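Keep in mind that this is a model prediction, so the values were computed, not measured.
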Amino acid sequence: MSSFCHWEDDTLVLNILGRPRAKRTAIGKVIGKQLEIHVAEMPVRGRATAHLVQFLAEEFQVNISAIVVVFGVYNVNKQLRITAPKRLPAVIPLPPGHDSLARR
């Protein structure tokens with residue numbers, strides 16, 4: 001994969017570099033092949049990842065169940081799969097042939 005994300009049909013595969021202990025949860029910049037996301041939670045027993053998933057569910061307008069953590073629950077390096085997002089942050093490219101997705 002040459003980017004921090006790619007599409008598999010209607011599923012977005014996203015590589016994330018988590019930054020726990022942030023003042024607020026927010027999407028950061030692309031760093032190499034990862035999207036930096038600042039997380040306002042402590043990295044204790046997966047709490048930061050759970051907070052991240054909740055945040056991304058709101059950002060992409062999907063249910064939490066539409067987000068699968070492929071790896072990295074207890075690590076800052078993560079891969080997530082988001083099925084059928086209804087809205088995309090500006091940093092995420094549109095899937096091929098889907099110009100109707102809302103942008104944030």
Side-chain angles (χ1 to χ4, degrees):
M1 179 168 29
S2 62
S3 177
F4 67 94
C5 69
H6 70 274
W7 289 92
E8 294 177 359
D9 296 321
D10 69 339
T11 300
L12 175 65
V13 181
L14 189 59
N15 291 322
I16 292 175
L17 174 60
R19 299 285 194 193
R21 298 184 192 99
K23 290 187 180 194
R24 66 184 186 93
T25 301
I27 295 174
K29 59 187 175 184
V30 176
I31 299 176
K33 294 184 180 184
Q34 294 177 303
L35 177 62
E36 177 183 47
I37 300 182
H38 303 273
V39 181
E41 184 60 74
M42 298 299 289
V44 178
R45 289 186 230 114
R47 285 176 39 193
T49 299
H51 184 82
L52 171 70
V53 168
Q54 175 66 46
F55 169 75
L56 292 178
E58 293 171 14
E59 287 292 304
F60 288 92
Q61 291 185 339
V62 297
N63 291 325
I64 290 175
S65 62
I67 300 177
V68 174
V69 179
V70 178
F71 63 80
V73 171
Y74 303 111
N75 194 306
V76 296
N77 300 302
K78 306 175 187 310
Q79 185 175 84
L80 277 65
R81 295 175 62 83
I82 305 171
T83 303
K86 294 176 185 68
R87 181 174 67 186
L88 295 177
V91 70
I92 307 291
L94 289 169
H98 288 84
D99 298 331
S100 63
L101 277 172
R103 285 292 202 180
R104 178 162 164 75

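- Within the 4.5 Å cutoff, the side chain of Pro95 has no heavy atoms near those of the Asp10 side chain.
- With rounding to the nearest 0.5 Å, the separation of CG in Leu14 from CZ in Arg81 is 11.5 Å.
- Atom CG in Asn15 sits 8.5 Å away from atom NE2 in His6 (nearest 0.5 Å).
- Of all heavy-atom pairs between Val39 and Ala48, the closest is CG1-O, 3.5 Å.
- No continuous path of ILVMFWY side-chain contacts below 4.5 Å connects Ile64 to Val70, so the two sit in separate hydrophobic clusters.
- Between the side chain of Arg87 and the backbone N or O of Glu59, at least one donor-acceptor pair lies under 3.5 Å.
- Closest of all the heavy-atom pairs between Pro93 and Trp7 is O-NE1, 3.0 Å.
- Contact annotation: the side chain of Pro43 never approaches that of Tyr74 to less than 4.5 Å [non-hydrogen atoms, C-beta and beyond].
- Hydrophobic clustering, with ILVMFWY side chains joined whenever heavy atoms are under 4.5 angstrom apart, keeps Val68 apart from Val62.
- Shown are Ile67, Thr11, Asp9, Leu12; of these, the side-chain contact (heavy atoms from CB on, under 4.5 Å) with Thr83 is made only by Thr11.
- Heavy-atom minimum distance, Ala26 versus Phe55: CA-CZ, 4.0 Å.
- Rounding to the nearest 0.5 angstrom, the gap separating the CD1 atom in Ile92 from the CZ atom in Phe4 is 4.0 Å.
- No single ILVMFWY cluster, assembled from side-chain heavy atoms under 4.5 Å apart, contains both Leu35 and Phe71.
- Taking CD1 of Ile16 as the start and OG1 of Thr49 as the end, the distance is 9.0 Å to the nearest 0.5 Å.
- Linking Ile, Leu, Val, Met, Phe, Trp and Tyr whenever their side-chain heavy atoms come within less than 4.5 Å puts Val76 and Ile31 in one cluster.
- Residues Leu17 and Val69 do not share a hydrophobic cluster, defined by chaining ILVMFWY side chains whose heavy atoms lie under 4.5 Å apart.
- Here the options are Lys29, Arg19, Lys78, the test is salt bridge (charged side-chain N to carboxylate O under 4.0 Å, His left out), and the partner is Glu36; only Arg19 passes.
- Remark: Ile27 CD1 to His38 NE2 distance equals 10.5 Å, nearest 0.5 Å.
- In this structure, Leu80 CG and Leu52 CG are separated by 6.0 Å, a value rounded to the nearest 0.5 Å.
- At distances below 3.5 Å, not a single donor-acceptor pair connects side-chain atoms of Asn63 with backbone N or O atoms of Ser65.
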